[in-house]
Each structure stands twice: as structure tokens, then as C-alpha cells.
2 protein chains.
Amino acid sequence: MAIAKQLDIDELCVTTIRMLAVDCVQQARSGHPGAPLGLAPAAYVLWDRFLKHHPANPRWCDRDRFVLSAGHASALLYALLHLYGYDISLDDLRAFRQWGSPCAGHPEYDLARGIETTTGPLGQGFGNAVGFALAEAHLAAHFNRPGHAIVDHFTYCLCSDGDMMEGVASETASLAGHLGLGKLIALYDDNHISIEGRTELAFSEDVGGRFSAYGWHVQKADGHDRGAIAAAIEAARAATDRPSLVILATNIGYGSPVQDTAKAHGEPMSEADHLETKRFYGWPLDQPFFRPAEALAHMRRADQRGAAAEADWQRRFDAYQRWHPELAADFLRGMAHELPDGWDDDLPIFSPTEKPLATRVSAGAALNSFGARLSGYLIGGSADLAPSTKTLLDGQPGIRRHEYGGANLHFGVREHGMGTICNGLALHGGVRPYCSTFLVFSDYMRPSIRLAALMRAPVIYVFTHDSIGLGEDGPTHQPVEHLAALRAIPRLVVLRPADANEAAWAWHTALQHRAGPVALVLSRQNLPTLDRTRLAAAPNVARGAYVLAEAEGGAPKLLLLASGSEVILALQAREKLQADGVPTRVISMPSWELFEAQPRAYRDEVLPPRVSARIAIEAGVSLGWERYVGARGATITHDEFGASAPAAVAFEKFGFSVARLLSEAQRLLRQA
Amino acid sequence: MAIAKQLDIDELCVTTIRMLAVDCVQQARSGHPGAPLGLAPAAYVLWDRFLKHHPANPRWCDRDRFVLSAGHASALLYALLHLYGYDISLDDLRAFRQWGSPCAGHPEYDLARGIETTTGPLGQGFGNAVGFALAEAHLAAHFNRPGHAIVDHFTYCLCSDGDMMEGVASETASLAGHLGLGKLIALYDDNHISIEGRTELAFSEDVGGRFSAYGWHVQKADGHDRGAIAAAIEAARAATDRPSLVILATNIGYGSPVQDTAKAHGEPMSEADHLETKRFYGWPLDQPFFRPAEALAHMRRADQRGAAAEADWQRRFDAYQRWHPELAADFLRGMAHELPDGWDDDLPIFSPTEKPLATRVSAGAALNSFGARLSGYLIGGSADLAPSTKTLLDGQPGIRRHEYGGANLHFGVREHGMGTICNGLALHGGVRPYCSTFLVFSDYMRPSIRLAALMRAPVIYVFTHDSIGLGEDGPTHQPVEHLAALRAIPRLVVLRPADANEAAWAWHTALQHRAGPVALVLSRQNLPTLDRTRLAAAPNVARGAYVLAEAEGGAPKLLLLASGSEVILALQAREKLQADGVPTRVISMPSWELFEAQPRAYRDEVLPPRVSARIAIEAGVSLGWERYVGARGATITHDEFGASAPAAVAFEKFGFSVARLLSEAQRLLRQA
């Protein structure tokens, strides 16, 4: 090999990481070279001396979690994964940012290759890391027994100025400090450069002071000094009562002609600058993707250490399994996101003779029917609205500072933080997270919902107060566009049940759906419990839409489609229409996504193509309903904001009434 | 009057405020009594001794701005407005939270009645206040002249624990500290109670320490002690180089049987507790909405002080007008959100012979064409993406700490904070704000966009990198659902121009649209400039949709609808279809909302009802397009996430191609 400077093995490894990362960017002619150049020493020290992992088995459940919150530094992660022996080949690196490559522009959740979460949208990875650390703390408290520490790992997070500026990181840092998550260690790449220029343009706060105020252990270290970095990580690990922040003074684009400039951030270097960088590091100019054999051998030895660590853990787990077979089975089931036999044995059945119930209440009862059976696995909470969203697990303790074994999380008024923490909980495995707020505030956490959908993370959202039907709190709290906006997100299942039994089955469906997130959309106001002896059964919720009440006296002439609190209006209108001799079918349509996943034959059975007289009624915007009512159908919806008034008044004033349904029906039937 | 305890006039006024507020809640049987009881002394001290306002003229432009960020305490605000003589009657108070009442559940922007902004969703009011203070600082720097301080007011904000927990408040507090906004004073109602219980459940950070780290001036005061409150506000006003936080130790529900409990927060008291509260305060039990004459007279005297203050200001403004007539005219025009003659004289015209341009670039040129003419009025910036979003105003200085006269704002990586600050800027008047980020990150600021729409605040959003066409950055950065999700928001105009000239006219349209916010949605990738000598003119953008290329050889048999970067594909497909003898019309559809606002006749002219063969092509989800293509039409859209790959590859792989358009056309024409 032709390295001009003689480097010690650590320096050689760091340089190898740097050069592989910049070669990725250069080859793709796209990407972010600056952060890998600045962060490589810290990443190497962490991976070489501290990170507990087993590249041959990225799914080993007690591995340390590593989150690259600064997702734009993806080339750094791919270089590390390749050099440490994960399933990322040189050809994969060469295909950085190309169609089909595992080396995407920003890291995409791919556990088989050691990518723990999807990052890039700033602040999200940081919040995920809080979720990983919280999952670890919870599982350790729930499953570990004296002499059997089967859950015992750290969570490390590399983050950037951008992460530090995002509110979601503030929210989750505050909560992590509150909870005292001692095994969470964040390394902050304090390079003073953001896209518009030096961070002084917009960011002059004392980040360390802020984190101290959150209750974190805060250190500063020279990001070029491997010894200092190692000492800081050592001290951070020793501070077991609270999370740690290590502020690393680094230089973006270190060693390149664009060092310390915004140019280093988000674009490839010129060919000349690229070569000049190689020269600075004494690296061969004519061998892109060069990996010195000693460096590769040194880093690949991590696999032996990892194998030994996992084998040791497996021995300990085997012993645990002998001593605590039921706990061990629970643990393994949770890690696989599987449900135990009989988990739904107590699912409540609501009678139509009971007094009307809000679906938030019936859903809360359903949640509690399996809460105890899923103890340790099912955890969740609310952004300070649990008494309203009815999401407390009765009789189970809260999760508090240094008492993590409970089931009830208190997220505070931090919806976005809640969303991103739940992503981390779900991805960690072992726990199934749910979280709740009012539907209108789903907007606050939308970036996290999107990422859950993109990653297919099985988070359950409980969004209550789902329409103008919440009444007096007014338009700031009344969602109108949120159903449409959530339906727009690919891979997200939105479920809006119509009554107590649909609500119970909606929860049931959500827990069985592990291929992505589910949003349960629930009413604040009471709704009558439908008489299922006369109507179709509630488990049909799982099909997304179903014929709730069939037309009588002939084939349907009119289809009434509704979701949630408007279904009862459709049923009442049907009574009158049938009395007038109009065969009318009512379709309960709690979930478009589940319905779309049904076979064509089923969909055509529910919505017969030959019936064009269709009315959809839903207390929200019309957007998208044309798909189901067609060009000749009608929608009773509300394409404006709500108003502060009692719920019944708002419903009547905005036209959500049987009378309006009847007049629309007459109009359509006249046209037919 | 029958007040048992003899109270001094201040105490009497405070009690009057408290009792009116709880009577509102009690009458409505809905609302939040606790915060008004705890906060009334601070609110009274502020309004009585400091607030510069003129109840008879709530629009006086140099009034202090008062923001109740803790919007759930709305009854407190309505009580104040009523007692100080604003246009809120006793009957209005009695109709609290009822249909049509100005006293909505949460305060709704209503300047005629002294309500400066809509609050309730937590953290938003705090961010608005930063925007108000920034507007004041900017206008003062731009318009004031030695001896002529025509802009000189404070911004006060009352906020709660919930505000403090929200990330958006963290973002805006950090930026306010960075900018050293000395005339911003926040009073924090530190009552230790949130909805789920004591704040210790989830919130134990050192708020004062955090704000100190942001660079704020921080004080603590006893929220019951009017003297201490006054002294703290005095000191806060004296700290002119940085914003101030006054942490008020208060008791939620003070004086009621539910004091210091979560029960006091969000529900009316029982009748017994209500009476017990009245007893505690020595208030008549049988006279709801009781206002002692002395208290009313004392508070209503604010109007005389306000009249004198405004008259003094008017004299000073008249002098300013004589000395600086042009500046004065600019100032008044800006306060009225009007544009000067000739503002658009330099709007660029792009030639089809120039090389292809991204619409972000052409929009940036348009912005700069009127930037200089709107100096002082048009200000804006980006969440650290200006080099990518092309939103810098060339040759104009940045807005920096204690140098506020420039036009370019640097928001840092704080999208949500940017959105809420822009709401404050727009509501303050005198400035027209725009802000920019990538379209995918509109999710981060969605709660603020919603409030801008609800308030009809004329904020302009510049959202670039608008589809999978951004390429390699991958699905985390590729919006697919965002056009649909933005279109779902009532009152928001979404505009996605197809080429350079449409982009210029989109900016033109946005600046003329003062009835609410506008989102400009722009491409990262280059697009050919359409030849307007052969196609319809670009100013048609203002109509939302228009016939860009008419069918030839007969009435149209096929309609191709497209927006943005997909319009060129429709035009290219049309060429082939026309060559094959199919009369094909291409409709450029940059804005659904503007199109819906057109008369029916125009809409039917553009989309003739008799033509059912229609294809919409847009690089995003299909949601909603059925409205325009009908049951027999087709959509070429993408109901999944994107992928990391060069833009051209992503477009081809996901089916955004002329070939796909042609095959869909053939399918539809066969069916017809």
C-alpha cells in the first residue's frame, strides 16, 4: 500500500472511514461529504471501543443501539457498516444514492444491514434514540431479575446542529432528562456550520446550559482527539442516573479545501478538491474505495467480539429461561411483536341497551381489556390528555424517573416528541407503543407519523375528539382536514369506528396489524351502541368497510357511506328512506386503507358499481370521498373550519343531520 | 354593593376579573376556570400599569401587543376586554362558547375586539409573540428616524406550562434570544399543574436555566404579589438588549375548592364549588357577572389613557409625515397590507429559448424583482435552506441581533418556529412575511399553517423540492402526500406552477392574495420554459387552472390535467396524440383552490362536463384527483413513498412518463 504518512492503526481506520465516505459522495456526485470528515474520529472511537454489536447478527436483541440522527451523514454510516462487516458490500457503496441500493441518500431502516432507524428529517433520530433508551429501561425493569440482566445495553446517538435546533429534540431531551435515562448518550457534532452559513446566523444559545437545565450530564470534548472522546464516553457511561450529552468540537469537511464552510455540507466536492483531500490524508489518488488491509482486518475483528458478547448473553439468557420460563417466553414474544394466546379473551361486548358511549370511552375499555395480559409489552400514554383520551391502563403504574417497569407513559405536552419516541419504542422491539392526543394535534406529530409509515413501525395512535363534535373548544381544537391529511400518508391505516363495538374491534385490528402504524380516530361525544342482532357484526371493521344495514325490498337504489359518528345519521336516514320505499344500503366505512386492501370482488360487493346514487357523510372535508361516491354521488362534508358551540348545535348548523341526508337523497334519486 | 371584605381598588379589580371569568365558564358549563383564577393578578397588573392600548381603537398600530398564549384561559381575556371597554358586551360574556359569540372557546383573531391572534394549540401564541416583537423591531429599525420613534411598543405574552413544553416554543425562544428581542416580555404561569396531574409527572426541567441558556433575561416573582409582579415587569422592560421571561409562581384555581388540582384546569366547577369560590372572595352569590361600579370605572379609565397615548402618537406621526412623507406613506401602506404602484414592473419574463430552469430558481428571480420595491415590507427567509430554496433577497442585509432593518431572516433549522413567527409578523402588520423550506418539511410547521389559514393571515410559504423529482435525497425528503395534505386545509391556497413564467405569476398571485396564506410549491429539478406564443399566457395562473394547449382538429376527446413539473409530460403526450388524430386538451392546474373560486361557467369551459376521458398526472398521491377526472377518468400518481435515486430514474420508475400517459390515453379512448 502507498500511504505517504505512516499512521497508527486507529488513525488509519479513521482515515479509511473518511475516504470511503467521501468516495461514496464523489461517485454519486450527490451527498454530504462534510459531516463524515468531521465526525469520523468520534464514530470510530465509539464503534471501536464501546459499541456492543455483532455485525453477523444485527438482530441480536441486546446490542447497543446506534442512531445517526444527522442522517445526511449517511455515507459515514455506510462506511462503518461496510468496514465492520455488515451486509453492505463495496458495490453497495459504489451504488450510493442509486436506484435499489441499500445505501440510500439518507439511512433507511434496514435491520438486516444494521440500520436501526430512518433518519434525515432533523430531530427525529434524536427522539428515536430517547425511545430506544426508554424501551431498554422499561424492558430491563420489567424482565431483569437479580442475577439475570438480560436487557442491558446503551443507546448512542450522533446528532448535528440541525437536530439541536429542532423543537422535537428539545421536547424529547426534556423528557429524557426528566426520566433520567442514564444509558442514553448523545454525541453532538458542534461544527458551527449550517447550510446558510455559520451557525451564528441563527443559533447562539448555550446548548450545554440548555441540556443541563433539562437534567442531562454535559461534557465537552475535542472531536479530533480520540483519547478525549473515549474519556468523555467513558464518563457518560458512568453517569448512570441521567442521560449524557458530549459536545464535540469538530470541523465540517476536515482536511478538505472546503473545511469549515457551508459548501462542505450538502454537495460533492470538485474533482480537484476531492483529490486535494486525498492528498491531505496521504491517501492513494487513483484508488477510489481503497481499504487498507490492516484497517479492514482491525475493524472486522468487531465481529469476533460481537460473537463472544452474544454467546455470553445467550448463555445468560438460557439460564434466565430456565429460572423464569414464562418471563423469557414473554420477552421473546414481545421482541417478535407477537401476541400471546388469549390476549383478546376479555374484549368487551357492548350492548345496545346501555347508555350511549363515546368511542374514546369504549376504545379505552377495549385497551384495558388486554392491557393486563400484555403487561410489559403494551405501553403507552398521552401528551398530557390521558383523562380526555381515556388511554390510561388501569391499575398499572406510571413510568417515572428510575422506575421504568410500569405501563403508563406521561409524555407531557409534547406531541411531536411523543411521536418520535414511539417510533424508537416500536423499532427497539419488546414493546408495542401507543400514544394519544386530540386528532387536531396529530398535526404536531405528523413528521413522526410519516416516518413510522415509511419504516412500517407498528405504532398505534389514539386520536380522540375527532370532529366538530367536540363542541365548545372551537375551531382550534376541531379537526376538519385531519382525516384526509392522515389518509394521504402511504402505509398508514386510519380507523374511525362508528360505535362502541366497532371501537373495540378497531383496537383489536390495530394490535394485530404489525405492518405499519395505525391511527384510531375516536369521538369525544357519546354515540348509541348499534344493535348487532339487526345489523352486521362489528369484527367487519377489519375489512375497512362493510354493509352495515342492507337495503330491503329490492336491490339497493341508494348507498349511504359513513364513518364514525355519522354512521348513526345514515342509519336513521335509511329508516325513513325505507319507509318511503327506497331500498337503501348503509355502509360503515371505518378505514379506506383496509378496504382498499380487500379483493376487488369484495369491494364491488360492498359498493356495487351499478349503483350510482351514493352519499357519503363525514364530519370533515370532502377531499377524496369522490373516489367512493363517484361523479354522480354527493358528499355531506364540511370544507371549512368549525366553530365554538355545543356539539349538537355545531352538527346541526354545519348540515350533519338526517334532514340533510334525506334532501340529498331525494335530489340524487330525482336525477337517477 | 355587598362585598363582604373591604378590598382596595386593585384587589377589587382583580377579583372582578376572576369572578367574571369563572361566571363565563359556569354559565357555559364548559371551559377552563383554573388559569384565570391563578393569572388574574398578573394580567391585571400588566393591563393596569403597563399595557399601552386604546380600547376604543384596537387597531392603533403602535399599541402594545398582548398575546394570551395559554388560550384555554380565554375567559380571562374576555373578562379583561369587557372590563377595559373593548367591544365585548356582558351578553357576549354570557354567550361564552356558544354559536356566534365573539367569546369562543379559545380566543379567535378578532382585531376589532382586541384579540390579536388565535390561540389554544399550545406554543403557537408564544411563537406569534416572537413574531410580533420581531415585526416591531424591524419596523422600528426601518422606519424610525432620529427624533421620530413612530414604532415603539412592547409585546407581552402570557404562557403556561404547556407552552413551555412544546418544541415550537423552544425553537422560537432560542431564536428570540439569539436576536436579542428586548421588547418581548413573557409571563409564565408556573402553576405546577397540567391535565394529567402535577407537572412533575413529565416536566421537571429548570425552565429559567433553559431560557438563560437561550440568552433571555430571567426573573421569578410571586404571582399573587402585585408589587412583585410590577417590579418584575419594570425590570423586564429595562432589560432592552434581550427578551425577558418572568416566572410567576401561581396557584391554578386560586381560592376555589379545586385549587392546585388538575380538576381546576379544563372543566367547570360544581355549583357548590362555584359558590364556595364566590364566598372565598367575598363576592355576591346571587349576582352572576357582577361588576362593582368602582372596579368598572377604574378599568374603563384605560380608554382615556389610551386616547391620550394615541393622540400623542398621532401628533408625532404627523410630524414624521411632514419630515419623511415617503417613509410615512410606505409605513401606512404596509400596515394596510397594500402594494405600491409599480411593485410588479420588473416581473421577469422568461423565454423558451433559455435553458431549462427549476421553478425554485425562476420563483427566486420573481421574488427579487419586487424585493427592492417592497423594502421594509417584504421580509422573509428560510429554515436554513435559503441556498436551496432560492429565497434570499439579493443585496438586502440580513436581520441580526440588534440590527433588524434588513430583509433576510435566518430562522435556523426551526420550521415550526418559522411558521408561527410568520403568523405573528403577518398579524402585526407593516410587514408581509414569506418563509421557505422543502415541501416535505411543511409537515413540521403544519400547526402554524393551519392557524394562518384559520386566521386568514397572509403568510407566503415557499416550498421547494416538491416531489420525487428531488432525486437522491430519497423518501425522507421526497414529498408524496404533501400536496394533498395542504389542499385539505381550508382557506389555504396551494400553487404549483409548471414553468418559469407560471412561477413568476404564482409569486405575483401570492402577493396579491391577502385573504389568507398561500403555499408556492416549486421544483428542485429544471423544467423547460413553455413557449407562450403557442400556448396560453402565464397570468392565467391566477385562475387556478386554464387551457394551456387546446385540442386541435375538433372538440377535445381527451383532457390531460397536470400541475407543476408534470405539465411538460402532458404537453409532450398531447403532441403524439394529436399526431394520431386525437384532439387533446392540456389543462395546467396549478391551484385547485383558485380554480374552485372561479365561476361555474369558467370551470365548465376548462373542464367540459361532456368529456369524460380525462387523465390527471401529478407526482404525488392520487387523493382528491377523482374530483376532476371523474369516475371514468384516470390518474397517474404515486400512492407510495419515493426512493433514493437520480430524479430522472425515479420519474421513469414510478411511471411519470409520456409513454405511461399514452397507454392510459389509449385505454380510456378504447373504453369511451
Side-chain angles (χ1 to χ4, degrees), chain A residues 30 97-99 104-106 118 120-122 162 165-168 170-171 174 178 194-196 201-206 209-210 213-214 384-386 410 412-414 416 443-444 446-447 454 472-476 481 484-485 488-490 621 623-624 626-627 630-631 639-641 644-645 649, chain B residues 30 97-99 104-106 118 120-122 162 165-168 170-171 174 178 194-196 201-206 209-210 213-214 384-386 410 412-414 416 443-444 446-447 454 472-476 481 484-485 488-490 621 623-624 626-627 630-631 639-641 644-645 649:
Chain A
S30 170
R97 296 186 150 232
Q98 305 308 305
W99 181 266
H106 292 81
T118 297
L122 289 168
M165 286 188 253
E166 290 286 3
V168 65
S170 300
E171 293 179 8
S174 176
H178 172 78
S194 63
I195 292 174
E196 293 186 2
L201 277 175
F203 190 56
S204 55
E205 64 171 56
D206 168 10
R210 172 156 70 100
Y214 293 143
D384 196 39
L385 287 172
H410 297 282
V413 189
R414 305 181 181 101
H416 198 176
D443 275 354
Y444 273 75
R446 200 168 159 86
L454 181 57
E472 291 90 340
D473 275 342
T476 53
E481 73 276 31
I489 300 177
V621 298
L623 191 76
E626 289 92 347
R627 179 170 303 173
D639 287 321
E640 249 298 340
F641 292 106
S644 173
V649 177
Chain B
S30 170
R97 297 186 149 231
Q98 304 309 304
W99 180 266
H106 292 81
T118 297
L122 290 168
M165 286 188 252
E166 290 285 4
V168 65
S170 299
E171 293 178 9
S174 176
H178 172 78
S194 64
I195 291 174
E196 293 185 1
L201 278 175
F203 189 56
S204 55
E205 64 171 55
D206 169 10
R210 172 156 71 100
Y214 294 143
D384 195 39
L385 287 171
H410 297 282
V413 189
R414 305 181 181 100
H416 198 177
D443 275 354
Y444 273 75
R446 200 168 158 88
L454 181 57
E472 291 91 341
D473 273 343
T476 54
E481 73 276 31
I489 300 177
V621 298
L623 191 76
E626 289 92 347
R627 179 170 302 173
D639 287 322
E640 249 298 340
F641 291 105
S644 173
V649 177

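All chains are named by letter (A, B, ...) in the order of the sequence lines, taking the proteins before the strands, and each is independently numbered beginning at 1.
- With rounding to the nearest 0.5 angstrom, the OG atom of A:S174 is 6.5 Å from the CZ atom of B:R210.
- Annotation: side chain of B:M165 is not in contact with side chain of A:E171 (no heavy-atom distance under 4.5 Å).
- Proximity to chain A (any heavy atom under 4.5 Å) is shown, for B:H106, by both the backbone and the side chain.
- Most heavy-atom pairs under 4.5 Å with chain B, from the set A:D384, A:I195, A:V168: that is A:D384.
- Contact tally against chain A (heavy-atom pairs below 4.5 Å) for B:L201, B:V621, B:T118: the top residue is B:L201.
- Top candidate by heavy-atom pairs under 4.5 Å with chain B, chosen from A:D639, A:I489, A:D443, A:D206, is A:D443.
- Remark: A:E166 CD to B:S170 OG distance equals 11.5 Å, nearest 0.5 Å.
- Ranked by heavy-atom pairs under 4.5 Å with chain B, the first of A:E196, A:E472, A:E205 is A:E196.
- For the set B:G162, B:G105, B:A202, B:G167, the entry with the most heavy-atom pairs within less than 4.5 Å of chain A is B:A202.
- Ranked by heavy-atom pairs shorter than 4.5 Å toward chain B, the options A:P447, A:A485, A:A631, A:G412 are led by A:P447.
- Side-chain atoms of A:Y444 and B:H416, non-hydrogen and from C-beta on, do get closer than 4.5 Å to each other.
- Every residue two or more places apart in sequence or in another chain that forms a side chain to side chain donor-acceptor pair (under 3.5 Å) with A:E481 is listed here: B:R450.
- Per-residue counts of heavy-atom pairs under 4.5 Å with chain B were compared for A:A488, A:G474, A:G120, A:G209; the largest is that of A:A488.
- For A:H410, there are no ring pair (Phe, Tyr, Trp, His ring centres under 6.0 Å) partners, not counting sequence neighbours.
- Here the side chains of B:Y214 and A:S204 are not in contact, with every heavy-atom distance at 4.5 Å or above.
- Here A:D473 is the residue among A:L623, A:D473, A:L122, A:V649 with the most heavy-atom pairs under 4.5 Å with chain B.
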